[in-house]
Amino acid sequence: GAGIRAEGAGLTIRDSHFHDNEMGILTSNNARSVLTIVDSEFNHNTVDFARHRRLGHNIYVGRIARFVLERSKVYGAETGHQVKSRARRSEIVGNSIRDEGGASSYLIDISEGGEAVIRDNDLLQGARSPNRTAIAFAPEARDSAAPGFLVVRDNRFVSEGGPGTFVTNH
């Protein structure tokens, strides 16, 4: 299961460590909710895909109003994403999001678009990653005309597996 299954209208996590769950944190689709994570660590939250045929992510944010991830470390997901967000607004600032030795898919997946700011992060895509895109914007968007924007600024990107695409805007 999830380290936290957030279903209410708001949650702030500070100075916490989530590891070895199927999902570190999993939110519902509460449209009023705000999730803020600061100075925390998420690692090795994953599902046995071969056995269960579903993905596990370190952080999985549903269709909420706003998601903020600041000054945190996220690493060690297998098969799933390090950070996946369906929030209307996602702010991912000043984090270390790394796939060292792992085989996660995207480092950051802003699944349905919306407003996203990805700034001042240390991003590393591991050599075993089956997906050569580090940041995906709107890969699951239902409407390509939906309003939204993506700002990616002042990040440090490393791809250990050779050529990769750091941002794909679907």
Side-chain angles (χ1 to χ4, degrees), residues 2 6 22-37 42 45-47 49 52-70 72-100 102-170:
E22 290 182 350
M23 307 269 185
I25 187 160
L26 174 63
T27 77
S28 67
N29 293 321
N30 185 331
R32 298 180 331 255
S33 189
V34 174
L35 170 63
T36 303
I37 301 171
F42 291 80
N45 297 290
T46 189
V47 173
F49 182 76
H52 299 288
R53 307 309 296 169
R54 57 190 172 93
L55 298 177
H57 311 291
N58 269 316
I59 299 171
Y60 189 170
V61 178
R63 292 178 186 97
I64 65 173
R66 186 169 169 228
F67 166 52
V68 177
L69 179 64
E70 293 182 348
S72 294
K73 295 179 183 177
V74 185
Y75 59 96
E78 290 283 334
T79 311
H81 308 307
Q82 301 294 343
V83 177
K84 181 173 181 133
S85 176
R86 297 180 187 278
R88 282 193 312 274
R89 180 169 177 90
S90 298
E91 300 169 23
I92 300 171
V93 179
N95 302 286
S96 174
I97 302 172
R98 303 172 67 85
D99 184 38
E100 296 171 329
S104 68
S105 187
Y106 300 130
L107 295 176
I108 301 171
D109 177 11
I110 308 298
S111 299
E112 296 175 0
E115 300 175 358
V117 176
I118 301 170
R119 179 173 51 84
D120 297 319
N121 298 288
D122 175 30
L123 303 170
L124 181 136
Q125 187 173 42
R128 295 187 321 130
S129 176
N131 194 331
R132 300 312 312 155
T133 296
I135 299 170
F137 185 74
E140 299 174 29
R142 294 181 186 149
D143 180 1
S144 63
F149 65 81
L150 172 64
V151 175
V152 178
R153 190 179 92 211
D154 300 323
N155 296 282
R156 291 156 305 284
F157 298 106
V158 174
S159 175
E160 290 184 332
T165 301
F166 291 115
V167 177
T168 297
N169 183 349
H170 293 266

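Evaluation of the salt bridge (Lys or Arg N to Asp or Glu O under 4.0 Å) rule for R128 yields E78 as partners, not counting sequence neighbours. Residues satisfying the side chain to side chain contact (heavy atoms under 4.5 Å, CB included) criterion with A6, sequence neighbours excluded, are I4, L11, T27. Evaluation of the side chain to side chain contact (heavy atoms under 4.5 Å, CB included) rule for S105 yields H81, N131 as partners, not counting sequence neighbours. Among residues two or more places apart in sequence or in another chain, the side-chain hydrogen bond (donor to acceptor under 3.5 Å, both in side chains) test is passed with R89 by E91, E115. With sequence neighbours left out, S85 forms a side-chain hydrogen bond (donor to acceptor under 3.5 Å, both in side chains) with S90. Shown here are the side-chain hydrogen bond (donor to acceptor under 3.5 Å, both in side chains) partners of N95, two or more places apart in sequence or in another chain: N121. Scanning for side chain to side chain contact (heavy atoms under 4.5 Å, CB included) contacts around F166 gives A134, F157, S159, with sequence neighbours left out. Partners of R156 according to the side chain to side chain contact (heavy atoms under 4.5 Å, CB included) rule, which considers only residues two or more places apart in sequence or in another chain, are D122. The side-chain hydrogen bond (donor to acceptor under 3.5 Å, both in side chains) check on S96 picks up nothing, with sequence neighbours excluded. Judged as a ring-ring contact (aromatic ring centres under 6.0 Å, His included), and not counting sequence neighbours, the contacts of Y60 are H57. Shown here are the salt bridge (Lys or Arg N to Asp or Glu O under 4.0 Å) partners of E140, two or more places apart in sequence or in another chain: K84, R86.
Side-chain contact, S111 with D109: a donor N or O sits under 3.5 Å from an acceptor N or O. Under 3.5 Å, the side chains of T168 and T133 contain a donor-acceptor pair of N or O atoms. In summary, the side chains of Q125 and D99 do not present any donor paired with an acceptor at a separation below 3.5 Å, with no hydrogens or angles considered.
Put simply, the side chain of V74 reaches to within 4.5 Å of the side chain of L69, judged on heavy atoms. The closest side-chain heavy-atom distance from L124 to L107 is not below 4.5 Å. In this structure, V68 and L35 have side chains that are not in contact, with every pair of non-hydrogen atoms separated by 4.5 Å or more. Two residues are said to be in side-chain contact when any heavy atoms from C-beta on lie closer than 4.5 Å; I110 and I92 meet this criterion.
Screening T36, I37, V34 for a side-chain contact (heavy atoms from CB on, under 4.5 Å) involving F67 leaves a single residue, I37.
Atoms CG and CZ, from N155 and R119 in turn, are 9.0 Å apart once rounded to the nearest 0.5 Å. The CD1 atom of I108 lies 4.5 Å from the CD1 atom of I118; values are rounded to the nearest 0.5 Å. Here CZ of F137 is found 5.0 Å from CG of L150. Values are rounded to the nearest 0.5 Å. In this structure, M23 CE and N45 CG are separated by 9.5 Å, a value rounded to the nearest 0.5 Å. Rounded to the nearest 0.5 angstrom, I97 CD1 and N58 CG are separated by 10.0 Å. Note that the OG atom of S104 and the OH atom of Y75 stand 13.5 Å from one another [nearest 0.5 Å].
A distance-only check finds no donor-acceptor pair linking the side chain of S33 to the backbone of A31 [under 3.5 Å]. Side-chain atoms of N169 do not come within 3.5 Å of backbone N or O of A136 as any donor-acceptor pair.
When all heavy atoms of G76 and Q82 are compared, the pair lying nearest together is N-OE1, 3.6 Å. Taking all atoms of both residues into account, the shortest heavy-atom contact from L26 to A2 is CB-CB, 4.0 Å.
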Item to check | side chain to side chain contact (heavy atoms under 4.5 Å, CB included) evaluation trace for R63 with E112 | outcome: CA-CA 9 Å; R63 292 178 186 97; E112 296 175 0; 2.5 Å; yes
